[in-house]
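Take a look at the structure below.
Note on naming: letters A, B, ... go to the chains in the order of the sequence lines (proteins, then strands), and numbering restarts at 1 for each one.
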Amino acid sequence: MSNTLIIVESPAKAKTIAKYLGKGYTVESSIGHIRDLPKSAAEIPEKYKGQAWARLGLDIEDDFRPLYIVSPDKRAHVAYLRKLAQQADEVILATDDDREGESIAWHLYQELKPKGVVKRMVFHEITKAAIEAAIANPRQIDSNLVEAQETRRALDRLYGYEVSPVLWRKVAPKLSAGRVQSVATRMLVERERERMRFVESQWWDIEVGCVTADGEGFPARLLEVGGVRLAQGRDFDPLTGKLKPDAQVLRLDEETARALANSLKEQALKVLSAEEKPFSQKPYAPFITSTLQQEGSRKLGFGAQRTMRAAQKLYEGGYITYMRTDSTTLSGEAISAARAQVKALYGDAYLPAQPRSYTKKAKNAQEAHEAIRPAGTAFRTPDSLKTELGSDEWKMYDLIWKRTVASQMADARGRRMQVRLGGQTQGGQAQDAREVLLSASGRSIDFPGFLRAYVEGRDDPQAALEDRETILPPLKEGQQVTAADPVPSGHQTQPPARYTEASLVQSLEGAGIGRPSTYASIIGTIQDRGYAAKKGQALVPTWTAFATSALLEHHFGTLVDYDFTAKMEEDLDDIAGGRQQRGPYLRSFFLGEGGGMGLRPLIETQMETIDPRSIATIAVPKLEGSGIEVRVGKYGPYLTRGETKANIPEDLTPDDLDMAKAEELLSRPSGDRIIGEDPGTGLAVVAKAGRFGPYVQIGEENPPVRTASLFPSDDLATLGLDRALKLLSLPRMVGVSEGEEIWAHNGKFGPYLKRGNDSRSLAIPEQLFTTSMIEAEALFMQPRFKGGRGASAAPLASFEFPDRAPITLKSGRFGPYLTDGERNATLRKGEDQSSLNAVDARNILEERGKEPKKKEAKGRRTATKASGKAAAKPATKKAAPKKPAAKKPAASKTAASAAAKPKSQPMTWAQLRPHLSVLSDQERALVTATRERGEKVEAVAPELGLDVKKAKGMALQASKKLNQAARESGAPTGH
DNA sequence: CAGTGAGCGAGCTTCCGCTTGACTT
């Protein structure tokens with residue numbers, strides 16, 4: 001008997017298909033992609049470690065050849081599949097019928113190396129008939145489609161892994177950029193910018209309760225007075241809060257509105273026109289992933305992740321079809337099942353004569369699956385599953401069931417009534433009577449159709465139906481009514497609403513960005529990276545998002561175009577259709593060949609030209625011209641005005657930052673906070689953020705009575721008085737030893753003990769308070785530095801070898817590492833220091849041991865490409881191995897000069913000058929005065945309104961900053 | 001710009017899409 005192996009993507013799907021097929025078939029799953037580019041250094045195979053391109057996983061020089069590895073957590077499963085594949089007579093690759101599915105099939109083919117016949121089959125619904133038809137009509141792997149996927153993968157990698165480092169350099173480490181997340185972030189930022197520019201305004205209108213002669217009431221609204229239309233929200237310019245210049249309208253203020261309402265009271269009105277128009281409404285299409293997430297949010301209040309988790313459970317339990325889809329198509333069996341249920345539950349009147357089909361495609365839809373619907377040939381009703389399902393799952397099933405059934409129900413039908421009423425205000429002494437025009441509209445539903453089962457955005461269809469009706473009494477032209485109860489009401493124009501998870505997904509989908517399988521995780525990513533935070537349902541972009549988005553918009557505009565993905569998709573379609581080639585496309589995109597965007601050269605220029613300081617400064621319209629700036633810094637966002645700084649609290653959203661708020665924050669600058677009173681002196685204890693980090697001080701005068709740095713575990717914002725006083729009690733005298741006092745200090749490099757001219761570091765700051773005399777003396781018995789034979793230095797392990805120098809495991813600043821005196825290797829995560837044996841130690845050190853790095857000037861421009869190995873490994877120095885190499889830029893000319901002048905040459909003013917932009921105005925003024933005009937700090941300080949001490953500190957800092965900027969820009973350090 | 005005792009192995013961060021458990025809290 002022959003033996004056929006069918007491989008699909010999802011285990012749940014495999015189970016279902018196995019049920020349809022008889023003996024001779026084994027159905028297994030790949031569980032998604034099985035191979036990918038290495039995602040970090042740890043995943044790069046040894047063989048490629050040294051290659052410059054290995055970090056990308058794409059060999060640029062070799063036609064962007066990808067380096068694929070089986071993901072570590074997939075190895076066992078792939079081995080299992082390989083075994084099955086090699087035993088099978090026939091292997092059918094039945095992954096999804098889309099770009100990614102085709103690629104998975106190809107990777108399976110490559111990795112499993114089947115012995116027998118290999119075929120490819122596809123299907124779009126999981127029914128017995130569909131599967132059998134697919135088996136009967138196999139095809140081959142479409143290599144063009146695979147190429148298109150590979151191109152997509154490469155482009156995303158190049159974008160993500162090349163642009164992110166620009167952000168690390170110019171904004172903050174660990175940030176990220178990507179084709180999808182950067183556009184998503186930009187959407188949030190642009191919406192928030194609209195809100196920040198928004199100027200709100202007030203307007204009034206008048207609701208009039210009217211009554212007919214028969215005493216029937218209905219609501220109407222005042223439209224016009226004296227032939228002029230009343231202003232409404234849309235007549236105001238959101239940027240100025242003023243009426244749009246071309247709006248020929250009357251704006252009511254409160255006083256006029258009240259007067260007008262009074263003058264309308266009990267006035268007679270005449271019906272000028274009464275129109276009635278029938279309307280009908282079609283049901284919504286069955287769910288796809290994005291609409292499921294939207295309705296999950298609107299009706300159930302679920303976030304995207306929660307919706308998907310519930311749907312996944314339902315799918316695995318066989319209750320619904322696949323939940324990651326962009327197709328609204330229902331299979332034949334689903335349509336029959338839905339129609340049967342409509343008939344049974346609502347009757348023939350609710351069943352349209354013909355089944356409905358939904359064909360409107362989302363942008364870039366791939367349509368590998370059905371719509372999301374209850375599974376099977378007969379839908380189980382939610383009621384029948386009440387006891388079977390968990391709470392979230394049941395609600396989700398109920399939602400899906402209703403939407404699916406409703407999608408096969410009849411249109412809703414009803415009538416809209418539009419009534420115009422005319423009259424006059426009461427004339428009097430103050431003013432003449434004026435013509436007024438009012439309108440009333442009604443809506444009645446004659447036949448609810450699908451609305452009986454499902455109303456979008458509403459939990460309870462019955463209540464929603466009632467809301468949708470506004471019944472007007474029968475009104476005829478010429479009929480008289482009375483304006484019984486005119487009520488003025490005030491309104492404010494509203495800024496555009498922030499995105500929610502659901503509306504962001506909707507916008508992304510609308511632009512064809514992201515895929516059903518990633519919508520939920522996109523939201524997770526932008527929050528994880530600190531680009532957005534949730535506030536209730538709303539996604540609020542952070543100041544970091546503003547800085548990042550501005551950088552990308554100004555310097556990589558094409559990449560954050562809302563159309564970027566759409567254009568890419570067109571090209572990918574061309575590649576899939578054989579009209580374009582992967583290689584030239586990527587060369588054009590990355591290298592700029594043939595006039596393409598040329599990402600790499602662009603990054604090279606931008607790395608040099610982007611000014612981090614201006615990128616960190618965020619434009620806030622409401623603060624324009626005030627001299628107040630918003631910046632994102634290492635410790636978060638802050639405000640500056642001249643030299644005054646103030647942190648921006650986390651819970652302040654960007655659109656709430658106006659002049660008043662800024663003044664308030666700046667009036668208590670940089671988080672200076674009085675914690676309490678020092679019982680010893682009666683002076684205030686103040687928490688401050690200083691040049692060297694957070695600290696507390698006693699007294700508000702300058703100089704303070706005493707200061708103390710916080711420990712890393714302390715939080716400036718929450719530090720209490722007791723703790724502050726404890727810190728201020730340092731240094732502590734531990735005792736007297738060898739005729740000298742031992743003191744415990746908290747210093748620049750952390751906690752330490754001092755005895756005369758000798759010192760020892762402590763491991764933990766808290767030991768400053770606890771170390772006893774005995775412990776202190778024991779510590780001074782030990783050698784000064786770690787790595788010696790002392791017990792506390794703890795050489796963690798040592799391995800001896802017959803044929804090489806011994807290797808020791810040490811604990812260092814960056815965690816445990818191995819060394820043989822020549823080369824060192826830090827342990828990576830996953831390498832357990834306690835279970836390490838000699839063989840492991842040797843392997844690790846020999847594989848990736850590195851000679852201690854010497855400080856090197858950054859001449860990056862040439863390093864990457866041409867010089868590979870030769871430049872990467874400087875020749876070992878012949879000097880005595882124990883002695884550390886002199887700190888000396890590698891760019892210096894000779895070893896002799898290095899020995900003669902162990903310190904690097906100071907930079908010349910000419911070298912420093914181009915970097916003046918990194919300084920603040922005051923710093924710049926100081927530095928130019930002293931270095932360019934040779935003036936003394938003492939002389940310049942008064943002109944700048946600084947006291948001399950402050951100015952000297954500032955000048956020192958400024959000089960450091962300048963030097964650093966010059967070094968980082970790769971300026972040569974010689975001559 | 002609060003002021004303090006020296007000097008020791010860096011290396012990694014990051015993308016988008018396709019899929020589930022296996023982990024710990």
Side-chain angles (χ1 to χ4, degrees), chain A residues 9-13 29-34 36-37 39-42 55-57 73-74 77 95-96 98-101 103-104 149 152-153 155-165 167-168 173-182 312 316 324 514-518 521-522 525 529 643 645 670 688 690-693 695-697 702-704 706-709 731 743 745-750 752-755 757-761 784-787 810 812-815 817-819 823-826 828 849-853 884 922-923 946-947 949-957:
Chain A
E9 288 179 35
S10 141
K13 199 194 266 188
S29 63
S30 72
I31 323 183
H33 272 294
I34 58 158
D36 194 10
L37 307 175
K39 93 171 159 287
S40 66
R55 188 187 67 88
L56 282 174
D73 53 339
K74 285 285 174 59
H77 187 64
T95 47
D96 294 351
D98 57 19
R99 207 160 57 209
E100 300 294 329
S103 169
I104 294 174
Q149 191 278 342
R152 197 277 307 154
R153 183 68 191 88
L155 182 142
D156 282 332
R157 171 54 64 94
L158 292 168
Y159 183 153
Y161 274 36
E162 293 287 287
V163 179
S164 296
L167 301 180
W168 304 343
K174 298 197 179 180
L175 293 179
S176 61
R179 174 173 57 82
V180 172
Q181 59 169 288
S182 294
Q312 174 89 26
E316 286 168 8
R324 293 187 275 262
R515 305 277 316 132
S517 63
T518 60
S521 62
I522 293 165
T525 301
R529 299 282 167 272
E643 293 303 304
K645 296 184 170 63
S670 28
K688 303 180 79 155
R691 190 157 50 117
F692 310 123
Y695 68 103
V696 283
Q697 70 177 36
N702 198 12
R706 180 178 290 178
T707 65
S709 281
W743 286 84
H745 290 269
N746 185 21
K748 169 156 68 155
F749 309 115
Y752 68 102
L753 297 176
K754 183 177 165 72
R755 180 175 71 184
N757 289 329
D758 204 4
S759 70
R760 291 291 182 281
S761 282
R784 198 179 174 85
F785 305 116
K786 285 185 178 179
K810 294 184 178 177
R813 281 180 297 161
F814 310 118
Y817 70 102
L818 294 166
T819 179
R823 285 149 48 99
N824 310 305
T826 305
R828 289 185 175 142
K850 292 227 163 62
E851 288 166 39
K853 199 165 103 182
Q922 283 193 328
E923 286 170 334
L946 292 168
D947 74 54
K949 194 178 158 197
K950 245 186 176 182
K952 281 189 172 169
M954 191 184 285
L956 190 70
Q957 286 297 309

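Note on A:Pro731: nothing from the nucleic acid sits closer than 4.0 angstrom, heavy atoms only. Within the nucleic acid shown, A:Asp36 comes within 4.0 Å of at least one base atom, counting heavy atoms only. When heavy atoms are screened at a 4.0 angstrom cut-off, A:Gly750 is found touching base atoms of the nucleic acid. Residue-level contact check: A:Gln312 touches the backbone only, with heavy atoms under 4.0 Å from sugar-phosphate atoms and none from bases. Contacts of A:Gln697 with the nucleic acid, taken as non-hydrogen atoms under 4.0 Å apart, are absent. Within 4.0 Å of A:Asn746, counting heavy atoms only, lies at least one base atom of the nucleic acid. When heavy atoms are screened at a 4.0 angstrom cut-off, A:Gly747 is found touching base atoms of the nucleic acid. No contact: A:Arg755 has no heavy atom under 4.0 Å from any strand. Nucleic acid contact for A:Ala825: none, since no nucleic acid atom lies under 4.0 Å from a heavy atom of the residue. Nucleic acid contact for A:Gly514: sugar-phosphate only, since backbone atoms but no base atoms lie under 4.0 Å from a heavy atom of the residue. If you check every strand for non-hydrogen atoms under 4.0 Å, A:Ser761 touches a base. Among the protein residues, A:Thr707 comes within range of the nucleic acid bases, having at least one heavy atom under 4.0 Å from a base atom.
Atom CD1 of A:Ile522 is separated from atom C1' of B:dC16 by 9 Å (rounded to the nearest Å). Rounded to a whole Å, the NZ atom of A:Lys754 is 11 Å from the C1' atom of B:dA6. Atom-to-atom, CZ of A:Arg515 to C1' of B:dC15 comes out at 17 Å; the value is rounded to the nearest Å. The separation between A:Trp743 atom CH2 and B:dT4 atom C1' is 14 Å, rounded to whole Å. In this structure, A:Leu818 atom CG and B:dA10 atom P are separated by 15 Å, rounded to whole Å. Put simply, CG on A:Asp73 is 12 Å from P on B:dA22, counting in whole angstrom units. Per the geometry, CD1 belonging to A:Ile104 stands 11 Å off P belonging to B:dT20, to the nearest Å. For the pair A:His77 NE2 and B:dA22 P, the interatomic distance rounds to 13 Å; values are reported in whole Å.
At a threshold of 4.5 Å between non-hydrogen side-chain atoms, the residues A:Ser29 and A:Ser10 do not count as touching. Side-chain atoms of A:His33 and A:Gln149, non-hydrogen and from C-beta on, do get closer than 4.5 Å to each other.
Comparing A:Leu175 and A:Val696 by the nucleotide of DNA chain B whose heavy atom lies nearest to each, the residue mapping closer to the 5' end is A:Val696. Each of A:Ser517 and A:Gln181 lies near DNA chain B, and the nucleotide nearest A:Gln181 is the one positioned closer to the 5' end.
Scanning atom types as modelled, no donor and acceptor separated by under 3.5 angstrom connect the side chain of A:Arg157 and the base of B:dC16. Side-chain atoms of A:Arg153 come within donor-acceptor range of the base of B:dC15, with a qualifying N/O pair under 3.5 Å. Under 3.5 Å, the side chain of A:Ser709 and the base of B:dG3 form at least one donor-acceptor pair of N or O atoms.
When each of B:dC18, B:dC12, B:dG21 is scored by its nearest atom to the side-chain atoms of A:His33, the top-ranked nucleotide is B:dC18. Considering only the side chain of A:Arg152, B:dG17 comes nearest among B:dT19, B:dT14, B:dG17. Nearest to the side chain of A:Lys174, among B:dC16, B:dT19, B:dT13, sits B:dT13. Closest contact between the side chain of A:Val180 and the listed nucleotides B:dT13, B:dT19, B:dG17 involves B:dG17. The nucleotide whose nearest atom lies closest to any side-chain atom of A:Ser10 is, among B:dC16, B:dT20, B:dC18, B:dT20. Checked against B:dC18, B:dG17, B:dT20, the side chain of A:Asp98 finds its nearest nucleotide in B:dC18. Set against B:dG17, B:dC15, B:dA6, the side chain of A:Glu100 has B:dG17 as its closest nucleotide. Relative to the side chain of A:Tyr752, the nucleotides B:dT19, B:dG17, B:dT4 differ in distance, and B:dT4 lies closest. In this structure, of B:dG3, B:dT19, B:dC16, it is B:dT19 that holds the atom nearest to the side chain of A:Pro11. Which of B:dA2, B:dC15, B:dC16 sits closest to the side chain of A:Tyr695 comes down to B:dA2.
The aromatic ring of A:Trp168 is stacked on the base of B:dT13, with the two ring centres less than 5.5 Å apart and the planes inclined by under 30°.
A sub-4.0 Å separation between OP1 or OP2 of B:dC18 and a side-chain N or O of A:Arg99 is absent. For B:dT20, one of the phosphate oxygens OP1 or OP2 lies less than 4.0 angstrom from a side-chain nitrogen or oxygen of A:Arg324. For A:Thr518 and B:dG17, the shortest distance from a side-chain N or O to OP1 or OP2 is below 4.0 Å. At B:dC15, one or more side-chain N or O atoms of A:Ser176 fall inside 4.0 Å of OP1 or OP2 (strictly under the cut-off).
Ion pairing between a basic and an acidic side chain is recognised when a charged N comes within 4.0 Å of a carboxylate O; A:Lys74 and A:Asp36 show no such pairing. Taking a cutoff of 4.0 Å between a charged side-chain nitrogen and a carboxylate oxygen, A:Glu162 and A:Arg55 qualify as a salt bridge.
Scored by the ring-ring contact (aromatic ring centres under 6.0 Å, His included) test, A:Tyr161 finds no partners at all (sequence neighbours excluded).
The backbone N or O of A:Leu175 lies less than 3.5 Å from a partner atom in the side chain of A:Trp168, making a donor-acceptor pair. Between the A:Ser164 side chain and the A:Ala177 main chain, a donor and an acceptor come within less than 3.5 Å of each other. For A:Ser103 (side chain) and A:Arg99 (main-chain N/O), no donor-acceptor pair under 3.5 Å exists by modelled atom type.
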